[in-house]
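Everything numeric in this text was worked out from a predicted model, so none of it was measured.
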Amino acid sequence: MLTPKTESELAEAIAAASGPICVQGGGTRGIAVAGDLLSTTGLDGITLYEPGALTLVAKAGTPVSAVEEALAKENQRLPFEPMDHRAVMGTSGEPTIGGVVAGNVSGPRRIQAGACRDSLIGVRFVDGTGTVIKNGGRVMKNVTGYDLVKLMAGSFGTLGVLSEVSFKVLPGVAQVSTVKLLGLDVGQAVAAMSRALGSPFEVSGAAHDPQTQITSLRLEGFEASVAYRADALSDLLGHFGTVLIEETNAAQYWAAIRDVTDFAGLDGDIWRISVKPSDAPCVAEALPGMRLQFDWGGGLIWALSPQERDLRPALAGISGHATRIRGDGDIARFHPEPPATAALSAGIRAKFDPRGLLNTGLMGADHANHIHA
């Protein structure tokens, strides 16, 4: 196993490689391909944190928990609240901040604050030739040149191995409340979530569980503001049915939604389906009897399917993409690309990794490009 401790060692290891390399951070997302294992966990540490400038820079192997702990001490947070995959994947280890960027991992707040890539302001990485490349910077105004920052977010280690990442961060919040609607079916829930997200009440999370028929809407901010918005949102949505407002255990409640912990320990494959929120009821109709969970106002759907069943044929005609994040067998992890997009993706990979070393086959010409993540 290759375990570089510095960016120079990382560059040397890739330049000297004679065969495929399996790039891995904390190993919590269940992604593994053939080749020599290269772990980024030795690239550890926060190299710059300026709370006043809302800017943080960390080496790629830094545990997410260390980043969140440093931010919490200054009452700040990562805007996109990255998911922890360990529960649903049954993995151990520590998620790394570089792994979060590589997968563009984003939680419920994506609907308000954007995805991981939207908070990313700079990267340093080593491409497939062993060349160190940097793009963006350590301040929010540095946006010159090609936007390789966005390109690297969601590339799953196929274009280069991240060595350092820079983020803009947000202040913490004083109060979190959850407005819950009870007894809605999927169509009603999507309509209610759309109404809430289109309101002026700054909803930062919108999820629905068909098992319990609970639709959850999160409000964050100053205590008085949250209380006012919760009452106003309840009035706005009262015609959908029973409304409850809960203020306790909000952090744990939304962490469970973010991490899809209801699927943990259950047999079957787990799929991550991304569609227009208005198409969420169509997905539910196409997958009858399947256990589902809805996030992002219906735009993100988690599905627990029988083992080695490809859901994509059932979803034909619905615009979007389906990624199998857990499961064995020969079903492709990523959604097939249209030929033109596949050719473009292959061309980009050939430029950054001409020897075809980095996570070979993970996102091949017939797999989904990271721009969909």
Trainee: Assess, by modelled atom type and distance only, whether the side chains of Thr55 and Glu50 contain a donor and an acceptor separated by less than 3.5 Å.
Mentor: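 Judged by distance alone, the side chains do not pair up.
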
Trainee: Decide yes or no on side chain to side chain donor-acceptor pair (under 3.5 Å) for Arg195 and Ser199, but give the supporting numbers first.
Mentor: CA-CA 6 Å; Arg195 183 76 183 274; Ser199 77; over 6 Å; no

Trainee: State whether Lys134 and Glu164 are salt-bridged, where the test is any N-O pair (Lys NZ or Arg NE/NH1/NH2 against Asp/Glu carboxylate O) under 4.0 Å.
Mentor: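 Judged by the 4.0 Å cut-off on N to carboxylate O distance, Lys134 and Glu164 do not form a salt bridge.
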
Trainee: Can you tell me how far apart CZ (Arg124) and CD (Glu7) are? Round to the nearest 0.5 Å.
Mentor: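 Answer rounded to 0.5 Å: 4.0 Å.
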
Trainee: I'd like to know if Val64 and Val260 are part of one continuous hydrophobic network [Ile/Leu/Val/Met/Phe/Trp/Tyr, side-chain heavy atoms within less than 4.5 Å].
Mentor: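 Both belong to a single hydrophobic cluster.
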
Trainee: Nearest 0.5 Å, what's the CZ-CE distance between Phe263 and Met89?
Mentor: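 So the CZ of Phe263 and the CE of Met89 are separated by 13.5 Å.
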
Trainee: What I want to check is whether the side chains of Arg109 and Ser204 have a donor and an acceptor closer together than 3.5 Å.
Mentor: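 No pair is found: no donor N or O on one side chain lies under 3.5 Å from an acceptor on the other.
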
Trainee: So, does Gln188 use its side chain to make a donor-acceptor pair with the main chain of Asp185 at under 3.5 Å?
Mentor: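 Flag set: sc Gln188 to bb Asp185 pair under 3.5 Å.
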
Trainee: Is there a side-chain contact between His208 and Val190, using heavy atoms and a 4.5 Å cut-off?
Mentor: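 Contact flag for His208/Val190 side chains = no.
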
Trainee: For a 4.5 angstrom cut-off between non-hydrogen side-chain atoms, does Val186 reach Leu292?
Mentor: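 No. Closest side-chain heavy atoms not under 4.5 Å.
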
Trainee: Taking the six-membered ring of Tyr253, is NZ or CZ of Lys180 closer than 6.0 Å to its centre and within 45° of its axis?
Mentor: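 That pair qualifies as a cation-pi contact.
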
Trainee: Are Leu304 and Ile301 in one and the same hydrophobic cluster, where Ile, Leu, Val, Met, Phe, Trp and Tyr link if side-chain heavy atoms are under 4.5 Å apart?
Mentor: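 As far as the 4.5 Å side-chain criterion goes, Ile301 and Leu304 are connected within one cluster.
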
Trainee: Are Val226 and Leu217 co-members of a hydrophobic cluster defined by side-chain heavy atoms under 4.5 Å apart?
Mentor: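 Hydrophobic grouping puts Leu217 with Val226.
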
Trainee: With hydrophobic residues grouped by side-chain heavy-atom distances under 4.5 Å, do Ile111 and Leu170 end up in a single group?
Mentor: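 The answer is no; the residues belong to distinct hydrophobic clusters.
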
Trainee: Do Gln24 and Ile31 come close enough that some side-chain heavy atom pair is under 4.5 Å?
Mentor: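 Side chain of Gln24 against side chain of Ile31, heavy atoms only: no contact under 4.5 Å found.
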
Trainee: Where is the tightest heavy-atom contact between Leu78 and Leu71, given as atom of each residue plus distance?
Mentor: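 Scanning both residues, the minimum pair turns out to be N-CD1, 3.6 Å.
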
Trainee: Keeping Thr96 on the side-chain end and Gly99 on the backbone end, is there a donor-acceptor pair under 3.5 Å?
Mentor: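 Yes, because the side chain of Thr96 sits within donor-acceptor range (under 3.5 Å) of the backbone of Gly99.
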
Trainee: Side-chain donor-acceptor pair under 3.5 Å between Trp271 and Thr323, yes or no?
Mentor: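 Looking only at side-chain atoms, Thr323 and Trp271 do not form any donor-acceptor pair under 3.5 Å.
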
Trainee: Are Leu151 and Val100 linked, directly or through intermediate hydrophobic residues, by side-chain heavy-atom contacts shorter than 4.5 Å (ILVMFWY only)?
Mentor: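 Yes; tracing contacts between hydrophobic side chains, which count when under 4.5 Å, links both residues.
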
Trainee: Counting only N and O atoms by type, is there a donor-acceptor contact under 3.5 Å from the side chain of Asn104 to the main-chain atoms of Ala153?
Mentor: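 Flag not set: sc Asn104 to bb Ala153 has no pair under 3.5 Å.
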
Trainee: Measure from the side-chain N and O atoms of Arg355 to the backbone N and O of Ala17, and report whether any donor-acceptor pair falls under 3.5 Å.
Mentor: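 Here the side-chain-to-backbone pair exists.
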
Trainee: What's the shortest heavy-atom distance between Asp84 and Pro95, and which atoms?
Mentor: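 Shortest heavy-atom separation between Asp84 and Pro95 comes out as OD1-CG, 4.0 Å.
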
Trainee: Quick one, Pro277 and Trp296 - any side-chain contact, counting heavy atoms below 4.5 Å?
Mentor: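 Heavy-atom side-chain distance check fails, nothing below 4.5 Å.
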
Trainee: To check you understand the geometry: which heavy-atom pair defines the closest contact between Pro82 and Arg258, and what is its length?
Mentor: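 Looking at all heavy atoms of both residues, the closest pair is O-CD, 3.5 Å.
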
Trainee: Main chain of Cys116, side chain of Ser106: is a donor-acceptor contact present, judged purely on distance under 3.5 Å?
Mentor: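 Pair found, side chain donor or acceptor close to backbone of Cys116.
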
Trainee: Has Asp353 got a side-chain atom pairing as donor or acceptor with Leu358's backbone, closer than 3.5 angstrom?
Mentor: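 Yes.
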
Trainee: In terms of side-chain heavy atoms, does Ser8 have a donor or acceptor partner in Thr6 at a distance below 3.5 Å?
Mentor: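 Note: Ser8 and Thr6 side chains miss the donor-acceptor criterion.
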
Trainee: Is there side-chain contact between His321 and Glu337, with heavy atoms separated by less than 4.5 Å?
Mentor: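 SC-SC contact between His321 and Glu337 ruled out.
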
Trainee: Please check if the side chain of Ser274 supplies one atom and the backbone of Arg272 the other of a donor-acceptor pair under 3.5 Å.
Mentor: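 No; zero donor-acceptor contacts below 3.5 Å.
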
Trainee: According to the side chain to side chain donor-acceptor pair (under 3.5 Å) rule, which pairs have a member within residues 59-71, sequence neighbours left out?
Mentor: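 Residue pairs passing side chain to side chain donor-acceptor pair (under 3.5 Å), neighbours aside: Ser65-Glu94.
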
Trainee: Backbone N or O of Ile331 within a donor-acceptor pair of the Asp310 side chain at under 3.5 Å?
Mentor: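 Not confirmed, Asp310 side chain does not pair with Ile331 backbone.
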
Trainee: Of all heavy-atom pairs between Thr40 and Gly25, which one has the smallest distance, and what is that distance?
Mentor: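 Closest pair (atom of Thr40, atom of Gly25, distance): OG1-CA, 3.5 Å.
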
Trainee: Drop me the distance from Arg349's CZ to Thr360's OG1, to the nearest 0.5 angstrom.
Mentor: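 If we round to the nearest 0.5 Å, Arg349:CZ and Thr360:OG1 are 10.0 Å apart.
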
Trainee: Rounded at 0.5 Å granularity, tell me how far CG in Asp36 sits from SG in Cys22.
Mentor: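 It comes to 9.5 Å.
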
Trainee: Can you list every salt bridge (Lys or Arg N to Asp or Glu O under 4.0 Å) pair that touches residues 318-332, not counting sequence neighbours?
Mentor: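 For residues 318-332, and leaving out neighbouring residues, the salt bridge (Lys or Arg N to Asp or Glu O under 4.0 Å) pairs sorted by first residue read Asp269-Arg324.
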
Trainee: Okay, side chain of Asn135, backbone of Val123: is any donor-acceptor separation there less than 3.5 Å?
Mentor: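 No; zero donor-acceptor contacts below 3.5 Å.
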
Trainee: For Arg229 and Glu220, what are the C-alpha separation, side-chain angles and deciding distance, and is it a salt bridge (Lys or Arg N to Asp or Glu O under 4.0 Å)?
Mentor: CA-CA 9 Å; Arg229 286 184 282 136; Glu220 300 175 300; over 6 Å; no

Trainee: Hey, what do you get for NZ (Lys168) to CG (Asp118), rounding to the nearest 0.5 Å?
Mentor: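 Going from the NZ atom of Lys168 to the CG atom of Asp118 covers 7.0 Å.
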
Trainee: How long is the span from the CD atom in Glu247 to the CG atom in Asn249, to the nearest 0.5 Å?
Mentor: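 Result: 11.5 Å between the selected atoms.
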
Trainee: Which atom pair, heavy atoms only, marks the closest approach of Leu2 to Ala13?
Mentor: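 Closest pair (atom of Leu2, atom of Ala13, distance): CD1-CB, 4.3 Å.
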
Trainee: Testing the 3.5 Å rule here: is there a donor-acceptor pair between the side chains of Thr129 and Asp127?
Mentor: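 A pair is found: one side chain offers a donor N or O, the other an acceptor, under 3.5 Å apart.
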
Trainee: Find out whether Arg86 and Thr91 are in side-chain contact, i.e. whether some heavy atom of one side chain is under 4.5 Å from a heavy atom of the other.
Mentor: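 Side-chain contact under 4.5 Å: yes.
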
Trainee: Evaluate the side-chain proximity of Phe222 to Tyr228: yes if any heavy-atom separation is below 4.5 Å, no if none is.
Mentor: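 No - every pair of side-chain heavy atoms lies 4.5 Å or more apart.
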
Trainee: Under 4.5 Å between any side-chain heavy atoms of Met363 and Arg333, yes or no?
Mentor: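 A side-chain contact is absent here, since even the closest heavy-atom pair is not under 4.5 Å.
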
Trainee: Strictly distance-based, threshold 3.5 Å: is any side-chain N or O of Arg312 a donor or acceptor partner for the main-chain N or O of Ala322?
Mentor: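 Such a contact is found between Arg312 side chain and Ala322 backbone.
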
Trainee: So that I know where these two stand, are Phe167 and Tyr49 an aromatic pair - ring centroids less than 6.0 Å apart?
Mentor: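 Judged by ring-centre distance (under 6.0 Å), Phe167 and Tyr49 do not meet the cut-off.
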
Trainee: Minimum heavy-atom separation for Gly130 to Ala11, with atom names?
Mentor: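 Taking Gly130 first and Ala11 second, the nearest heavy atoms are O-CB, 3.4 Å.
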
Trainee: With a 3.5 Å cut-off and no angle check, do the side chains of Gln293 and Asp262 form a donor-acceptor pair?
Mentor: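 Side chains of Gln293 and Asp262: pair found under 3.5 Å.
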
